[in-house]
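Here is the structure we will look at, set down as structure tokens.
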There are 2 protein chains.
Amino acid sequence: MSDNELLKNSAPLPSVRRLPLYLTVLEEFEREGKEWISTTDFSEVLFLKPIQVRKDLAHTGIIGKPKKGFKVTELISTIYNFLGWNNLTEAFLVGAGALGSALLGYSGFQRHGLNIVAAFDVSVNVIGKSIHGKEILSIEKLPDLARRMHVRLGIITVPAARAQEAADCLVSAGISGIWNFSPSKLHVPPNVVVQREDLSSGLAVLSVKLGRFD
Amino acid sequence: MSDNELLKNSAPLPSVRRLPLYLTVLEEFEREGKEWISTTDFSEVLFLKPIQVRKDLAHTGIIGKPKKGFKVTELISTIYNFLGWNNLTEAFLVGAGALGSALLGYSGFQRHGLNIVAAFDVSVNVIGKSIHGKEILSIEKLPDLARRMHVRLGIITVPAARAQEAADCLVSAGISGIWNFSPSKLHVPPNVVVQREDLSSGLAVLSVKLGRFD
DNA sequence: TAGATTGTTAATCGATTAACAATC
DNA sequence: TAGATTGTTAATCGATTAACAATC
């Protein structure tokens with residue numbers, strides 16, 4: 001019944017979430033021309049305990065050198081490899097509103113192995129228009145195009161009320177993963193992976209933390 | 001040394017993150033005119049275990065009725081209360097790029113107690129322009145305005161390299177919380193709360209889950 | 001009443017942290 | 001060599017789940 005039923009035997013998800021954080025530090029070190037980085041280096045910048053960094057990095061399979069740490073370039077490519085960010089995954093985006101447009105315009109995804117190849121909407125007001133150089137297509141064309149282009153990933157940025165509908169469309173198009181930016185819980189078959197990216201969860205945490213100071 | 005040092009004695013953060021999810025179900029029930037909702041109702045829609053829902057709701061302090069569950073309207077207002085979403089927090093947004101514009105255009109924040117009252121940028125290309133009806137001001141005006149308007153919250157949507165600078169500016173303006181959409185770790189004094197909302201963390205999780213199916 | 005659902009106390013599970021020997 | 005840092009094994013901590021009596 002759990003979301004993670006098929007996902008055993010890998011790094012703990014909290015560790016996976018921290019890996020991109022390590023990448024930002026690593027890239028900084030690389031720019032500065034440093035060859036080695038230790039877990040204490042990480043811990044000082046990120047306010048984490050060195051032992052936690054060591055455990056996290058161990059999950060990627062990298063092996064360090066006592067007294068030195070890890071080779072910066074090697075660790076970067078190991079993490080990229082671990083995350084599968086060295087080969088591009090092509091994605092369709094559904095919902096070309098404010099948030100969808102923002103994601104279309106975010107250039108950083110390319111470096112993270114994500115390539116949004118097309119965007120779709122239901123509204124005649126945006127269909128045919130172009131946002132950040134990408135043409136918005138009618139949602140009706142999605143299933144056919146997805147199969148022809150072998151697109152594996154769908155990004156949902158429609159309002160909550162339309163999210164399930166968008167998910168159904170993507171599933172019927174044979175997609176294998178969904179990045180869901182709507183606050184809705186999606187019902188999909190067990191072979192489809194869903195990652196919820198819900199701003200309201202983050203805002204809830206922030207609100208509670210802030211409230212503690214009143 | 002931990003981020004949560006000052007934040008003891010409240011609901012566990014994973015529970016807090018789930019509360020907005022319950023709200024979407026509750027609002028659906030309310031629209032349908034239902035008076036009562038049980039933890040099994042929640043669990044069926046959200047694929048959670050009833051016991052987890054019960055534990056989560058207990059943290060808000062609400063008391064249910066055996067055999068009936070919880071009063072829909074009462075539970076909604078209890079959660080809103082718990083999150084502090086019934087009175088508006090005013091916020092400044094720093095960085096009027098693609099993501100910043102999207103957040104400026106997101107009408108859902110009002111319902112979640114968040115009111116973005118002004119946006120700031122460093123670029124002369126956007127200063128003076130208006131996005132979704134909100135004028136973009138020069139970052140130089142931020143400290144003075146923040147103090148005069150008693151703004152408590154800052155939202156950072158600048159590129160990683162400018163994030164610390166933006167945080168310093170907000171901190172010097174007396175802000176007490178930061179919602180950080182950049183991938184950088186921010187260094188702030190202990191009385192300032194930071195909530196990181198990092199897309200790359202979510203993408204990392206999604207990538208690992210997807211990779212598991214290859 | 002009978003039975004569904006609550007609230008509470010205890011058991012389990014998984015992630016974080018500690019301790020320490022191995023190593024360069 | 002001496003000491004910093006690694007990798008590993010064990011202890012702790014906190015969240016999830018189970019069990020069950022209380023209740024309407």
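Note on naming: letters A, B, ... go to the chains in the order of the sequence lines (proteins, then strands), and numbering restarts at 1 for each one.
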Could you tell me whether A:R152 and A:E90 have a side-chain N and a carboxylate O separated by less than 4.0 Å? no
Pairs under 3.5 Å (Watson-Crick or G-U), crossing ones as [ ], inter-strand ones as |: DNA chain D comes out as ..||||||||||||||||||||||
Letter by letter from the 5' end, nucleotides 16-24 of chain C scores (B base, S sugar-phosphate only, - none; protein heavy atoms under 4.0 Å) SBBB---BB
Would you find more than 12 non-hydrogen atoms of other residues, nucleotides or ligands less than 6.0 Å from B:I63 atom CD1?
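No.
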In this structure, CG of B:N180 is separated from CG of B:D198 (nearest 0.5 Å) by 8.0 Å
In whole angstrom, give the distance that lies between atom CZ of A:F70 and atom P of D:dA4.
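Taking CZ of A:F70 and P of D:dA4, I get 18 Å after rounding.
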Can you tell me how far P of D:dA4 sits from CH2 of A:W36, to the nearest Å?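 Spelled out: CH2 on A:W36 to P on D:dA4 is 18 Å.
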Query raised in the report: Would A:F82 and A:H59 count as a close aromatic pair, with their ring centres under 6.0 Å?
Result: no
Let me check something: any side-chain donor-acceptor pairs from residues 99-111 of chain A under 3.5 Å, sequence neighbours excluded? List them with distances.
| unit_1 | atom_1 | unit_2 | atom_2 | d |
| --- | --- | --- | --- | --- |
| A:S101 | OG | A:G97 | O | 2.6 |
| A:Q110 | NE2 | A:N115 | OD1 | 2.9 |

*asked:* Is the phosphate of C:dA4 approached by B:S38 (side-chain N or O, under 4.0 Å from OP1 or OP2)?
replied: no
| task | With the side chain counted from C-beta on, respond yes when B:K65 and B:F70 share a heavy-atom pair under 4.5 Å apart, and no when they do not. | result | no
Closest non-hydrogen atom pair, B:K209 against A:V194
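Closest approach of B:K209 to A:V194: NZ-O, 3.3 Å.
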Minimal heavy-atom distance between B:W179 and B:E197, with the atoms involved, is NE1-OE1, 2.9 Å
